Amino acid sequence: MHVLLDPWSLGFMQRALLELVLVGVTGGVLGCWIVFYELSYSAESLAHSMLPGLVVAALLGFPLVLGGAAGLIVAAVAVGVAARVPGIDRDTSVAIVITTLFGLGVMLALSPASPPGIGDLLFGNLLGASAADVWTGAALAAFVLGALRLLHRQLLVVGFDRSTARALGGRPLLADVALLGLIAAATLIAVQGLGNLLVVAILVAPAATARLLTRRLAPMMTLAATLAVAAGAGGLYLSYYADTAAGASVAGVLVGLYVVARIASALGAGSKLAPSPSAA
Amino acid sequence: MAGVRLSVSGLSAGYGGPPAIEGLDFELHAGERIGVLGPNGGGKSTLFRVLLGEIAPSSGTVTGPHDYGLVPQTERSRLDYPVSALDVALMGTLSRVPWWRRVGKSERRFALEALGRVGLAAHTEATFGELSGGQRQRVLVARALVQDAQVLLLDEPFTGVDQPSAELLEALLRDLAAEGRGILIATHDLDQTLGWDKVLCVNGRQVAFGTPAETLTRAVLEEIYGGSIVTLPGDGGGVGILPAHHHHHDGEGH
């Protein structure tokens with residue numbers, strides 16, 4: 001028991017775990033929609049696109065969360081609008097917007113006035129989470145999960161058959177913009193802990209893993225959230241005992257779980273592991 | 001029961017260039033099944049898109065219901081989606097129950113009844129993507145019933161559907177029409193239209209409209225299919241004619 005409980009006697013480890021629970025539950029549930037809307041690349045790009053906002057906030061002394069939010073809102077709207085321009089597909093619109101914003105961020109970050117802690121913006125600082133960070137994370141998590149609850153039927157119909165969703169009362173533009181906005185909000189929660197470069201792991205890996213093992217959306221979301229939290233705790237143990245970087249350890253466990261599930265589902269050929277239709 | 005469900009007059013529509021369809025004049029009455037027959041690219045989809053309000057007519061008028069029950073081709077739906085037949089049927093509530101609300105018990109009961117009507121009472125919890133093509137098509141009909149639409153639009157409903165399912169579907173459409181609904185069925189399959197009440201023949205424009213006996217003449221079919229027609233001897237006394245390049249259940253789009 002000592003080995004299991006030891007890490008949690010430290011305040012910074014408790015806060016890191018709390019932060020990961022918030023990020024994990026949000027990322028797991030939201031990730032299911034990211035996977036079905038094929039927005040993994042957009043999610044990663046949104047994280048990168050917040051860099052200029054973060055750098056500007058750091059330079060001006062604003063809270064990072066404000067700078068990141070401003071950057072992400074600009075990026076989310078630009079991607080949503082650009083994707084609707086005829087002749088520009090979703091991938092291309094993301095690439096155009098993100099290279100522009102990321103370039104701007106790098107330009108600002110490389111200026112002589114950039115603060116020394118800029119590395120944390122890229123790689124995260126899970127063990128440095130403050131109580132205020134945890135409260136901010138809790139508020140954003142409540143917002144994202146509440147919005148997903150309200151949007152559930154819209155997202156379900158549009159994701160099922162985009163081309164005919166309107167005949168059913170579906171609104172593809174609403175679903176797209178709302179989903180991108182929520183990805184942006186979730187990224188804001190996660191980026192402070194996991195960093196700009198690793199945040200996508202918790203938004204995509206748990207949902208991709210759960211998809212291999214479930215056949216219904218509700219169990220998939222529950223499993224994805226559980227896996228994300230478990231991987232968060234596992235990553236912190238790894239970091240504590242193996243003295244590895246916390247954010248990278250969490251991302252590593254997340255990817256490891258996916259690989260294990262993939263192999264298991266391939267070995268079981270989808271019949272032994274996945275529940276039968278009547279049991280699901 | 002003899003009310004007009006849908007009235008189309010002098011309708012032309014397109015996508016900016018020359019009209020994809022022009023000169024449409026027809027009425028759909030309560031209790032009628034009208035087959036919309038034409039080749040792929042003949043304007044059937046354009047007509048549906050105008051009715052659904054997705055594109056505006058360039059001329060003419062459409063007087064129809066506020067909501068249509070659209071039954072799209074099942075190939076368009078995602079088969080890897082983690083939803084049950086009941087989940088799909090419940091999607092029909094989106095136009096009636098505000099999207100931010102949860103669906104209630106009465107909607108669930110309504111959806112279960114709709115699945116029962118299409119003969120899928122035993123499959124309500126089955127994964128949509130694992131059902132057969134015919135079963136999926138019937139789930140989508142159930143979804144239109146949940147919409148409570150008085151006019152149903154079916155897009156090539158018999159494509160990729162096995163014979164027993166096709167017969168079930170035909171009987172179902174007959175029953176739904178008998179209850180007073182108006183039904184439009186887009187198809188490029190001549191066989192199917194022989195059993196409907198009326199046929200609207202289109203190929204860029206309205207070629208003919210009337211009962212199958214009135215409309216499915218050699219001249220009309222040659223105009224629709226633009227080429228040779230083969231008469232199958234001894235099959236139904238002259239109605240068993242097929243376009244030479246008639247293709248069966250090819251599963252392609254349009």
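Being a predicted model, the structure only gives us computed values, none of them experimental. In what follows, chains carry the letters A, B, and so on, assigned in the order in which the sequence lines appear, proteins first and then strands, with residues in each chain numbered from 1.
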Is any side-chain heavy atom of [X] less than 4.5 Å from a side-chain heavy atom of [Y]?
{"X": "Arg102(B)", "Y": "Arg149(A)", "answer": "yes"}
{"X": "Arg166(A)", "Y": "Leu52(B)", "answer": "no"}
{"X": "Arg153(A)", "Y": "Thr93(B)", "answer": "yes"}

Could you grab the distance from atom [atom1] of [X] to atom [atom2] of [Y], nearest 0.5 Å is fine?
{"X": "Leu140(B)", "Y": "Asp161(A)", "atom1": "CG", "atom2": "CG", "value": "8.5 Å"}
{"X": "Trp99(B)", "Y": "Leu151(A)", "atom1": "CH2", "atom2": "CG", "value": "5.0 Å"}
{"X": "Arg215(A)", "Y": "Glu125(B)", "atom1": "CZ", "atom2": "CD", "value": "13.0 Å"}
{"X": "Leu168(A)", "Y": "Arg143(B)", "atom1": "CG", "atom2": "CZ", "value": "4.0 Å"}

- Message: Is it the case that atom CZ in Arg108(B) sees more than 12 heavy atoms from other parts of the structure closer than 6.0 Å?
- Response: no
- Task: Check whether more than 12 heavy atoms from other residues, nucleotides or ligands sit under 6.0 Å from atom CZ of Arg96(B), and answer yes or no.
- Result: yes
- Of the non-hydrogen atoms in Pro82(B) and Met220(A), which two are nearest, and what is the gap between them? CG-SD, 4.5 Å
- Check Ala167(A) against Leu70(B) and note the closest heavy-atom contact, atom names and distance. CB-CD2, 3.8 Å
- Message: If I measure from the heavy atoms of chain B, does Arg171(A) come under 4.5 Å with its side chain, its backbone, both, or neither?
- Response: side chain
- Query: Any idea how Tyr81(B) and Phe160(A) line up, ring-wise: parallel (<30°), tilted (30 to 60°), or perpendicular (>60°)?
  - Reply: tilted
- Task: Can you tell which part of Val88(B) gets under 4.5 Å to a heavy atom of chain A, answering side chain, backbone, both or neither?
- Result: side chain
- Item | Side chain / backbone / both / neither for Asp67(B) at chain A, heavy atoms under 4.5 Å | neither
- Message: Under a 4.5 Å cutoff for heavy-atom pairs, which residue among Asp87(B), Leu153(B), Val83(B) has the most contacts with chain A?
- Response: Val83(B)
